[in-house]
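Sequential numbering from 1 along the given sequence is applied to the chain's residues. Counting convention: from 1, in listed order, for ligands and their atoms alike.
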Amino acid sequence: MQKNAQRLRGSLTLPGDKSISHRALLLAALAQGRSVLHGLGTGDDVQRTAACLRQLGVQITQQADATHVASPGFAGWKTPEATLDCGNSGTTMRLLLGILAAHPDLTATLDGDASLRKRPMARVTGPLAAIGAVIASCEGRPPLTIVGQTLHGAIHDLPVASAQVKSALLLAGLFANGETVVHEPLQSRDHTERMLTALGVRLQREDNRHTIVGQGPRAVLPPLGDFHVPGDPSSAAFAIVAALLHADADVTVRHFSQNPTRIGFLNVLGRMGGHLQTREPSTLAGEPVADVRATSSQLIATDIAEGEVPSLIDELPILALAAATAAGTSHFCGLAELRVKESDRLAAVVRLLTCLGVPTQSGADWLTVVGMGESSRLRANAGAFVPGLDHRMAMTAAIANLVSPSALEIQGFAAAVGSSWPSFAADFLDLQNTAD
Ligand code: S3P
């Protein structure tokens, strides 16, 4: 990945949204019949969901940009012969947990890489056990063996706002008997609700309470038909922040989801004084989409409150980098969930900013960043940054290198970014080479 770009110009079309791609594959596989998914996310995480579904008896083939899914329907899924390897993907594991727990004729083991093996699964297995699921784990962590059962409805009061947990419980509830209510403390991303409703499933929302009427384990969903996945706002955030922070930039990110549960980062960057223009609004697959143009900006510090964290949960590392270049001190609150992402991202952000010479303070769930005033003041004062198996930390470090004199070595960069955006380096090279 190149360092110290001279300038950033042009437009960028992103891989399909990762969250929607997982759900499109899963819902197409739960339905009986054929669906064609266009523009799925290209990263390894989405490939893991596809690979797990193939092991469960679903045919998935790729033809250029189109992913063809042919499924016997949920009731026709078969017990896989080998462990289902979810790789680095928490969404694959948590959503499949909810679904597989509700299949009375099926037994399966879910496992993942070293990062996923450290992540908490009891937040899903606990509520599932309460509705009749049988799941063995290693003290709440993978590997997890599910012996499918017929589940019953219940009221779930979630202690944390998590779309993965909400989605797992709604999907389990769809194939259970009786009514399921999922109450989340703050609204998390709502792609599952949008997509299920579009398929004709009865799902009600009142504030942050979601009610689904169970259809039993033999429920048959209609196929998705031709389904187009919008670009990923979580990837867009890297290009947009790069353009705002770079001294000579004018970048348009095309056609990505403007779902309000996902674009909290645009609100934050707007109040930091970022020059942003939203253009060409339209709708795709039940999601609002638009282009966003970002140009070089002098940012000012801001505060992020707990209430807005779910709408920007995956963008916090790159927003912390933006805060590091801003004039003034920024305070981020309500960050407890950052500790249980692909890495302990709060600790990783502090490590990265420290490598770049930026003063920070942090506690169990908060972060203070003392902005340097401009990106040219970011300088690597350590040789290497180790993102571990965390794609978003690797990409945040790469953007720091691109917009400043910093020349950090990012260990394991290519492998890490493969989870969500394998063409990250090539796409940014295009922005560096585009003429006015
Ligand atoms: C996701 C939800 C979020 C997010 C993750 C993807 C999803 O996790 O961080 O990258 O697709 O549902 P939580 O639901 O655990 O907050």
Report task. Might you confirm whether atom CZ of Arg202 has over 12 heavy atoms from other residues, nucleotides or ligands at distances under 6.0 Å? Result -> no

Requested in this report: Please indicate whether any nitrogen or oxygen in Ser162 is less than 3.5 Å from any nitrogen or oxygen in ligand 1.
Outcome: yes

Report summary line: Closest to atom 11 (O) of ligand 1 among protein heavy atoms sits Ser19 OG, 2.7 Å

Query - ligand 1 N/O within reach of Ile313 N/O, cut-off under 3.5 Å - result: no

Query raised in the report: What are the atoms of ligand 1, with element, lying closer than 4.0 Å to any heavy atom of Thr91?
Result: 1 (C), 6 (C), 7 (C), 11 (O)

Report task. Report yes if some heavy atom in the side chain of Leu171 is under 4.5 Å from a heavy atom in the side chain of Ile212; otherwise report no. Result -> no

Query raised in the report: Going by heavy atoms, is Lys341 under 4.0 Å from ligand 1?
Result: yes

Report task. I would like to know whether Ser19 and His191 meet side-chain hydrogen bond (donor to acceptor under 3.5 Å, both in side chains); could you show each step before the answer? Result -> CA-CA 8 Å; Ser19 291; His191 308 300; 4.8 Å; no

**Report entry** Charged N-O contact under 4.0 Å between Asp190 and Lys166
**Finding:** no

Query raised in the report: Should Arg392 be counted as touching ligand 1, given the test is an N or O pair under 3.5 Å?
Result: no

Query raised in the report: Any idea which of Glu184, Arg23, Arg189 brings a heavy atom closest to atom 2 (C) of ligand 1?
Result: Arg189

Query raised in the report: side-chain contact (heavy atoms from CB on, under 4.5 Å) with Val160: which residues, sequence neighbours excluded?
Result: Arg123, Ser162, Glu337

Query raised in the report: Are the charged groups of Asp390 and Lys341 less than 4.0 angstrom apart, N to O?
Result: no

Report summary line: Among Val340, Asp314, Asp45, closest by heavy atom to atom 10 (O) of ligand 1 is Asp314

